[in-house]
Amino acid sequence: MEPISELLAVRRQKLEGLRALGVDPFGGRFDVDGPVGEVRAAFVEGKPVRAAGRITAHRDMGKSQFLDISDFSGRMQIFLHAKEVGEDAFKVLKQLDIGDWIGVEGEYFVTKTGEPSIRVKTLTALSKALRPLPDKWHGVQDPEIKYRQRYLDLIANAESREVFRKRIEIVRRIRAFLGERGFLEVETPMMQGIAGGAAAEPFKTHHNALDMDLYLRIAPELYLKRLLVAGFTKVFELNRNFRNEGISRRHNPEFTMLEAYWAFANFETMAELVEEMICHLALEVCGGLVIEHRDAEGNVTRTIDLTRPWKRAKYADLIRGVIPDWYELDSAARRARCAGLGLDISHCEADFEVTQHVFEKLVEEKTINPLFVTHCPKELVPLARQNVQDDSVVDVYELVINGQEISPGYSELNDPDVQRARLEQQSGGETQKLDEDFLTALEYGMPPAGGIGIGIDRLVMMLTGAESIRDVILFPHMRAPGNG
RNA sequence: GGGUUGGUAGCUCAAUGGUAGAGCAGUACCCUUUUAAGGUAUUGGUUCUGGGUUCGAGUCCCAGCCAACCCA
């Protein structure tokens with residue numbers, strides 16, 4: 001038990017003060033007309049109103065008391081006058097602090113300064129805050145507190161509330177958008193015997209009753225494709241994936257992914273779908289197709305123009321755009337060229353990895369406006385269909401916006417024999433890693449289909465201007481807190 | 001994993017190696033329409049942890065913890 005500071009001791013004294021007045025400091029049901037923001041928006045002069053919220057400001061004028069009550073939806077001023085609420089209410093008020101939850105019943109009115117307010121008739125204590133809130137003006141600045149104690153960030157920082165409000169809205173509208181187009185939302189296993197559908201290190205767990213190792217999924221893909229076999233023609237899942245890899249500004253061990261599959265479509269159909277969907281989201285959630293990212297001072301640091309049609313370009317052409325003779329160079333010459341350009345490719349073993357590194361550093365990171373990268377090397381995407389004219393590339397797009405890969409889209413591979421060969425190649429001969437049931441399902445016949453994945457966290461970053469994935473995930477993963 | 005920066009009151013931040021401060025919050029009082037309310041007074045510190053140098057360390061050195069950013 002940490003030592004009780006004076007501030008905490010005072011609050012506990014008030015807690016007992018409330019009990020001494022016969023008031024339960026942690027009350028129960030209190031019927032309200034709606035969240036605070038909606039109550040404020042529904043203002044009608046003189047109309048009776050009930051609301052509840054956390055006290056976030058207190059302006060004590062003696063016999064006149066102004067308080068702000070707030071919740072995630074907004075803020076509203078309430079007004080108490082000694083003669084109107086009576087002595088007992090003022091005794092209770094004396095034991096309340098900024099941070100406490102209260103309920104009020106009264107009527108709407110406008111103050112002399114024009115602020116829509118509630119003239120309180122009865123005041124109800126609903127929950128005592130035993131710890132003081134962060135600074136009312138500066139909010140929470142310490143990033144460690146923002147992430148570890150997100151509730152304080154959300155109480156104190158309007159910008160954070162806005163980011164998460166947008167995230168909630170984006171997810172809601174994605175579901176509606178796909179639902180309106182006939183896509184069925186499903187839930188497939190997050191615990192899988194074989195973590196398939198991507199190349200990533202999984203988290204391992206164990207089922208005791210079955211005495212069986214399981215992995216948290218790194219992708220839902222192989223199960224959604226089983227559903228194509230089953231006869232679903234438009235299907236999607238929007239939920240968490242888990243990858244046991246590093247944590248960074250762009251990576252959280254668990255992240256949210258949309259995957260959607262559309263039978264009889266191909267990667268171009270999917271590109272149109274994702275283009276339409278992201279524009280729809282920008283218009284509805286951000287109010288336009290031009291997204292401005294700003295720094296802490298409000299200066300525009302980046303402008304993303306989502307105006308359609310979005311640019312499309314072949315992978316190889318983009319490489320030639322930055323290094324014109326790249327494909328005329330042999331392996332050694334390419335590595336030498338990278339060194340000359342200051343690119344560290346020492347960790348790249350295969351030639352396609354060297355090229356991919358060039359792509360990431362010189363193309364992807366510099367691409368701010370939407371760009372569909374097509375005709376990608378087949379080594380990068382083992383689950384996609386090979387191109388008919390050129391079997392060294394696959395029929396996919398990789399959508400880059402804001403310097404990040406936001407969404408891949410594939411013409412899905414549905415030949416079970418080719419799929420087996422590609423998976424065996426990817427797993428480096430470790431046949432026990434193959435998802436045999438998935439391959440069996442393909443042998444029953446999967447319709448040709450287009451598929452997309454969209455990293456929801458990165459999409460939200462792009463649409464809100466968040467610089468870190470931690471700013472768009474409510475509770476990002478952190479190391480266990482240390483005290484030295 | 002490597003580098004850089006940071007960790008001081010509940011919060012936001014100061015402090016040439018020389019008594020650890022301010023604003024907000026808190027406490028007491030004044031004020032019948034305030035909104036970062038105002039006014040007067042005032043409380044509050046294991047300076048992340050552990051060592052070391054020094055007459056003296058928030059400050060310098062070493063190690064560790066946590067975080068942010070960059071690199072891998």
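Chain letters run A, B, ... following the sequence lines, proteins first, then strands; residues in each count from 1.
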| request: Kindly indicate whether a cation-pi arrangement holds for A/Arg312 with A/Phe372, taking the cut-offs as under 6.0 Å to the six-membered ring centre and within 45° of the axis. | output: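 Geometry flag: set, cation within 6.0 Å and 45°.
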- With A/Arg119 as the cation and A/Phe79 as the aromatic partner, state whether NZ or CZ is under 6.0 Å from the six-membered ring centre and within 45° of the axis.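 Cation-pi check for A/Arg119 and A/Phe79: fails.
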What are the two closest heavy atoms between A/Ala480 and A/Arg148, and how far apart are they?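 Distance-wise, the nearest heavy atoms are C-NH1, 4.1 Å.
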| field | Residue whose nearest RNA chain B nucleotide is more 5′ - A/Trp137 or A/Ile145 | value |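 Its nearest nucleotide being more 5', the pick is A/Ile145.
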Filter on ring pair (Phe, Tyr, Trp, His ring centres under 6.0 Å), then keep only pairs touching residues 19-65 of chain A, sequence neighbours left out; what's left?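 Non-adjacent pairs meeting ring pair (Phe, Tyr, Trp, His ring centres under 6.0 Å): A/Phe43-A/Tyr108.
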- Message: With hydrogens left out and only the distance checked, is there a donor-acceptor pair under 3.5 Å joining A/Lys83's side chain and the base of B/rU32?
- Response: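 Pair found.
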| message | So for A/Gln77 and B/rU34, does any side-chain atom that can act as donor or acceptor lie under 3.5 Å from a complementary atom in the base? | response |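 Result: at least one qualifying N/O pair found.
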Euclidean distance for [atom1], [N] against [M] (whole angstrom):
N      : M      : atom1 : result
B/rG58 : B/rA25 : P     : 30 Å
B/rC66 : B/rU49 : C1'   : 11 Å
B/rU46 : B/rG50 : P     : 12 Å
B/rG17 : B/rC60 : P     : 7 Å

* Asked: Given B/rA37, is OP1 or OP2 found less than 4.0 Å from the side-chain N or O atoms of A/Arg59?
  ->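 Answer yes for this pair, as a side-chain N or O of A/Arg59 is under 4.0 Å from OP1 or OP2.
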**Under 4.0 angstrom between A/Lys136 side-chain N/O and B/rA36 OP1 or OP2** =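 False: A/Lys136 side-chain N/O out of range (4.0 Å or more) of B/rA36 OP1/OP2.
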Taking a pair as Watson-Crick or G-U wobble with both distances under 3.5 Å, which nucleotide is matched to [N]?
N      : value
B/rU34 : none
B/rG26 : B/rU42
B/rG1  : B/rC71
B/rU54 : none

Polar-atom pairs under 3.5 Å, protein N or O versus N or O of nucleotides 26-29 of chain B: list them with distances, or write none.
unit_1 : atom_1 : unit_2  : atom_2 : d
B/rU27 : OP1    : A/Lys14 : NZ     : 2.4

So what does A/Gln141 hit on the nucleic acid, given a heavy-atom distance under 4.0 Å: a base, only sugar-phosphate, or nothing?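 Since only primed, P, OP1 and OP2 atoms lie under 4.0 Å of A/Gln141, the category is sugar-phosphate.
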Letter by letter from the 5' end, nucleotides 67-72 of chain B scores (B base, S sugar-phosphate only, - none; protein heavy atoms under 4.0 Å) SSSS-S
